[in-house]
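The shown structure was predicted, so the numbers you read here are calculated from the model rather than taken from an experiment.
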Amino acid sequence: MIKRLLIANRGEIACRIMRTAQNMGIHTIAVYSDADAHARHVREADEAHHVGGAAATDSYLRMDRILAVAKSTEADAIHPGYGFLSENADFAEQVGEAGIKFVGPAPSAIRAMGLKDRAKKIMQDAGVPVVPGYHGHNQTADFLKRKAYEIGYPVLIKAVAGGGGKGMRKVSRALEFDDALEAARREALAAFGNDDVLIERFVESPRHIEIQVFGDSHGNVVHLFERDCSLQRRHQKVIEEAPAPGMTEAVRAAMGKAACDAARAVNYEGAGTVEFIVDGSNGLTEDGFFFMEMNTRLQVEHPVTEAITGVDVVEWQLRVAAGEALPMAQEDLSINGHAMEARLYAEDPSKGFLPSSGPLHTFDLEWESNYFLPDGETEGIRVDSGVTQGDVISPHYDPMIAKVIAHGSDRMTAMEDLSAALSTANVTGLATNVPFLQALLAQEDFRAERFDTGLIDRLGEDFTARPEPSTAIKALAMEHLLGLEEEEGLFVGDDPFDATDGFQLVGTREMAHQLEIDGVLENVRVRFGPHGLQMRGEDGIPNKAVKRDEGIFLDDSGPQPVLYLQNDGHHYRFSLPTFSLIEDEKSGGDGTIRVPMHGKVIAVTVADGDMVEEGDILFSVEAMKMEHAVIAPFDGQITGLAIAAGDQATDGQVALIVQSREDVA
């Protein structure tokens, strides 16, 4: 049995692996970067070792340093988690050569499944259905464009070394092909160091259904049923569930057999996931699914499988890596109830899902234990997280805060319980996708099982819009920022001679203020009274603030207090402006374009003096290997260009100014 386990990962998945290993009596060894010196996975490990700088390329992707730590700590196994080195065949090979167990499949299986074109050929030979397309070696643009025409539009361009939607573009007509190919290749090269692509037919009304498989060194292969991961945004999974809605026993048997055949074709050992694209236009059928790819690692969404099967997938991984046979045969496995998982991210849906970074001033869910093992509760809420209150969401890594998993007797119960759990999430300091997740769980088509991978895109911007804070919320923010809170709920005395907030002998005590809301100044008028503060609404009627004990954090560590407030899941940042901010506002800086997030500037498409039109792309920033384009807010002329391709830019940095046509004239 494994006695000393090094976990070559960070965050949520490192904590997840650690819990099972420690429950099994295994000594856990963590590695960390400069940015993660005080991270949760470091705090919870039995020992932890530094492996490099904040960037993943300087730390979590440094095979030499991780192997050096494994040798010096006498680790007898390495678990790679997901991401980073988890599907790196060279790393798995070096681990084995060092006499250390790699918790995962053999390097040969990783290589076989690592390139989509080779994997599809292996699957075809094994009798596993694949989507019609071109998976060959000719990568010239003209040839690929001709193949797309032969396959028939719409088509998908996909990076052969891809995953997570990176290097993938849908093309609806030949006119769009060249630009899409260039963008897919650029993104694939940045993410995987390989810009080769394949071309496939785009499946109409596609569902993304995957099968969890397991193999061991004794020739046994089983599947742990399916997960539906169709609810996606830009090919990134948002909500996953098991079993798949609308699944029949006949289709499940066919997909399970195909997945096990895929695993046997590469002599697979350990946990793996065979992903299928499914034609959902006429319901699920035995001939309507096609092999998409095989992930040779643990999946982010594995908890929903654990919930419905009662299997601890990580424990099975560790036992198989130690040479044991699978604990259960196929006939011993069964489905119990329904499970659903939501990925809680530090990102702002109202701003195109831009990732957020910084401290979690508050982070609390009703379920403080943050974990239950599959052999514990059969139904309930599970929270997997790699952070706690006070930790920092780093711009260097994925901005996931937590995974929230609900397990109930049926789909609707799991859905309602998941929504209720998310409603208790108290997160301040960073914008989150909680309102977006709750809106999805309430969406009519999703609840009625009428959905495919394009559902979120079809919902449009209205689905991600953030409401303006009410006058009551603004009043509450002003109370905190002005320091009006007193004991026993009293804010100022009834005696006007005791007042310090706009004393006057007669009439209503009302003052003009300026309140900064997410960086935008607003003029407000407030009234002070013995039991709180009131603010005029649009109708001129003062609104009383509703008192709340949660979702509020006042940061008074700087020269100007900043209040972070969460209301109905939406996150707001309030402050009282300084004189310099007021002057900036008066100077008319509407055309100032700022960098929307921490990241690398990969393209600047304008120069000083250029005339642009509303909607023109100004520059692109890369974060988490995905491209984000910044567009012109109105027609005008470029001035003050302060960034260049290749720059590392910070969130809020001034990039350029768009001077309106009227000002230019």
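Under the 3.5 Å distance criterion, with hydrogens and angles disregarded, a donor-acceptor pair is assigned to the side chains of Thr273 and Arg227. Arg297 and Gln299 form a side-chain donor-acceptor contact under 3.5 Å, judged by distance and modelled atom types alone. If you check the side chains of Asn138 and Thr140, you find a donor sitting under 3.5 Å from an acceptor. Remark: the Ser230 side chain and the Asp452 side chain contain no N/O donor-acceptor pair separated by less than 3.5 Å. Thr296 and Glu87 form a side-chain donor-acceptor contact under 3.5 Å, judged by distance and modelled atom types alone. Side-chain polar atoms of Gln212 and His223 form no donor-acceptor pair below 3.5 angstrom.
Between the side chain of Gln124 and the backbone N or O of Pro129, no donor-acceptor pair lies under 3.5 Å. Listed for the Glu347 side chain is no donor-acceptor partner under 3.5 Å among the backbone atoms of Pro355. The main-chain N or O of Ala329 is found under 3.5 Å from a side-chain atom of Asp332 such that the two form a donor-acceptor pair. Distance alone, capped at 3.5 Å, is enough to place a donor-acceptor pair between the His218 side chain and the Gly323 backbone. At distances below 3.5 Å, not a single donor-acceptor pair connects side-chain atoms of Asp178 with backbone N or O atoms of Leu181. Distance alone, capped at 3.5 Å, is enough to place a donor-acceptor pair between the Arg65 side chain and the Asp58 backbone. Formation of a donor-acceptor pair under 3.5 Å by the Thr464 side chain with backbone atoms of Glu461 is found in this model. A donor-acceptor pair under 3.5 Å links the side-chain atoms of Asn433 to the main chain of Tyr345, judged by distance alone. No donor-acceptor pair under 3.5 Å is formed between the side chain of Ser86 and the backbone N or O of Pro80. A donor-acceptor contact shorter than 3.5 Å is absent between the side chain of Lys403 and the backbone of Ala342.
Between Phe84 and Tyr60, the angle of the ring planes stays under 30°, which puts this pair in the parallel group of the 30/60° scheme.
The CZ atom of Phe451 sits 7.0 Å away from the CG atom of Leu231 when rounded to the nearest 0.5 Å. Considering NZ of Lys101 and CG of Leu6, their distance stands at 14.0 Å, rounded to 0.5 Å. The CD1 atom of Ile405 lies 9.0 Å from the CG atom of Leu418; values are rounded to the nearest 0.5 Å. Atom CD in Glu204 sits 8.0 Å away from atom OG in Ser281 (nearest 0.5 Å). Between the CG atom in Asp287 and the CG atom in Asp279 there is a gap of 9.0 Å [rounded to 0.5 Å]. Between the CD1 atom of Ile209 and the CZ atom of Phe289 there is a distance of 10.0 Å, given to the nearest 0.5 Å.
Contact detail for Pro206 and Ile277: the closest heavy-atom pair is CB-CD1, 3.6 Å. Considering every non-hydrogen atom in both Ala184 and Ile157, the closest pair reads CB-CG2, 3.9 Å. Taking each heavy atom of Val320 and Asp216 in turn, the nearest pair found is CG1-CA, 3.9 Å. The minimum heavy-atom distance between Ala180 and Arg169, with the atom names listed, is O-CG, 3.6 Å.
Between Phe214 and Val221, the closest side-chain pair of non-hydrogen atoms is not below 4.5 Å. Inter-residue side-chain proximity for Phe177 and Leu144 is flagged as met; some heavy-atom pair is nearer than 4.5 Å. The side-chain heavy atoms of Glu241 and Val304, taken from C-beta on, include no pair separated by under 4.5 Å. In this structure, Phe353 and Arg234 have side chains that are not in contact, with every pair of non-hydrogen atoms separated by 4.5 Å or more. Contact check for Asn194 versus Leu115: side-chain heavy atoms found under the 4.5 Å cut-off. Using a 4.5 Å heavy-atom threshold, the side chains of Leu61 and Phe91 count as separate. Side-chain atoms of His41 and Ile7, non-hydrogen and from C-beta on, never get closer than 4.5 Å to each other. With a 4.5 Å cut-off on side-chain heavy atoms, Arg382 and His407 do not count as touching.
Scored by the side chain to side chain donor-acceptor pair (under 3.5 Å) test, Asn9 finds no partners at all (sequence neighbours excluded). For Glu269, the salt bridge (Lys or Arg N to Asp or Glu O under 4.0 Å) criterion is met by no residue, not counting sequence neighbours. Glu97 meets the salt bridge (Lys or Arg N to Asp or Glu O under 4.0 Å) test with no other residue; sequence neighbours excluded. Listed by chain and residue number, nothing satisfies the ring-ring contact (aromatic ring centres under 6.0 Å, His included) test with Phe291 (two or more places apart in sequence, or in another chain). Annotation: salt bridge (Lys or Arg N to Asp or Glu O under 4.0 Å) contacts of Glu200 (sequence neighbours excluded): Lys120, Lys158.
Note on Asp312 versus Arg319: no salt bridge recorded, every NZ/NE/NH1/NH2 to OD/OE distance being 4.0 Å or above. Looking at Glu150 and Lys147, a side-chain N of the basic residue comes within less than 4.0 Å of a carboxylate O on the acidic one, giving a salt bridge. Using a cut-off of 4.0 Å between Lys/Arg side-chain N and Asp/Glu carboxylate O, Arg343 and Glu240 are scored as salt-bridged. Using a cutoff of 4.0 Å between basic side-chain nitrogens and carboxylate oxygens, Arg447 and Asp445 are not scored as salt-bridged. We find that Arg186 and Asp195 are not joined by a salt bridge, their nearest charged nitrogen and carboxylate oxygen being 4.0 Å or further apart.
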Intermediate values then yes/no, side chain to side chain contact (heavy atoms under 4.5 Å, CB included), Met113 and Met123: CA-CA 10 Å; Met113 294 291 102; Met123 293 303 101; 3.7 Å; yes

Steps toward salt bridge (charged side-chain N to carboxylate O under 4.0 Å, His left out) verdict (Arg264, Asp261): CA-CA 5 Å; Arg264 292 188 183 95; Asp261 288 344; 3.6 Å; yes

Derivation and outcome, side chain to side chain contact (heavy atoms under 4.5 Å, CB included), residues Phe276 and Glu226: CA-CA 10 Å; Phe276 295 99; Glu226 79 278 357; over 6 Å; no

Stepwise side chain to side chain contact (heavy atoms under 4.5 Å, CB included) check, Met400 with Val300: CA-CA 11 Å; Met400 180 186 287; Val300 177; 4.0 Å; yes

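With Lys237 as reference, Glu301 is the one residue of Glu341, Gln232, Glu301 to meet the side-chain hydrogen bond (donor to acceptor under 3.5 Å, both in side chains) rule.
At most 12 non-hydrogen atoms from other residues, nucleotides or ligands lie less than 6.0 angstrom from NZ of Lys121. Within a 6.0 Å radius of CG in Asp142, no more than 12 heavy atoms belonging to other residues, nucleotides or ligands are found. Within 6.0 Å of OH on Tyr149 lie no more than 12 heavy atoms contributed by other residues, nucleotides or ligands.
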Show me, pair by pair, the donor-acceptor contacts under 3.5 angstrom made by side chains of residues 243-251, not counting sequence neighbours?
{"unit_1": "Thr248", "atom_1": "OG1", "unit_2": "Val251", "atom_2": "N", "d": "3.2"}
{"unit_1": "Glu249", "atom_1": "OE2", "unit_2": "Arg252", "atom_2": "NH1", "d": "2.9"}

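Cation-pi geometry between Arg16 and Tyr82 is not met at under 6.0 angstrom from the ring centre and within 45 degrees of the axis. Seen from the ring of Phe202, Lys170 counts as a face-on cation partner, given the 6.0 Å and 45° thresholds.
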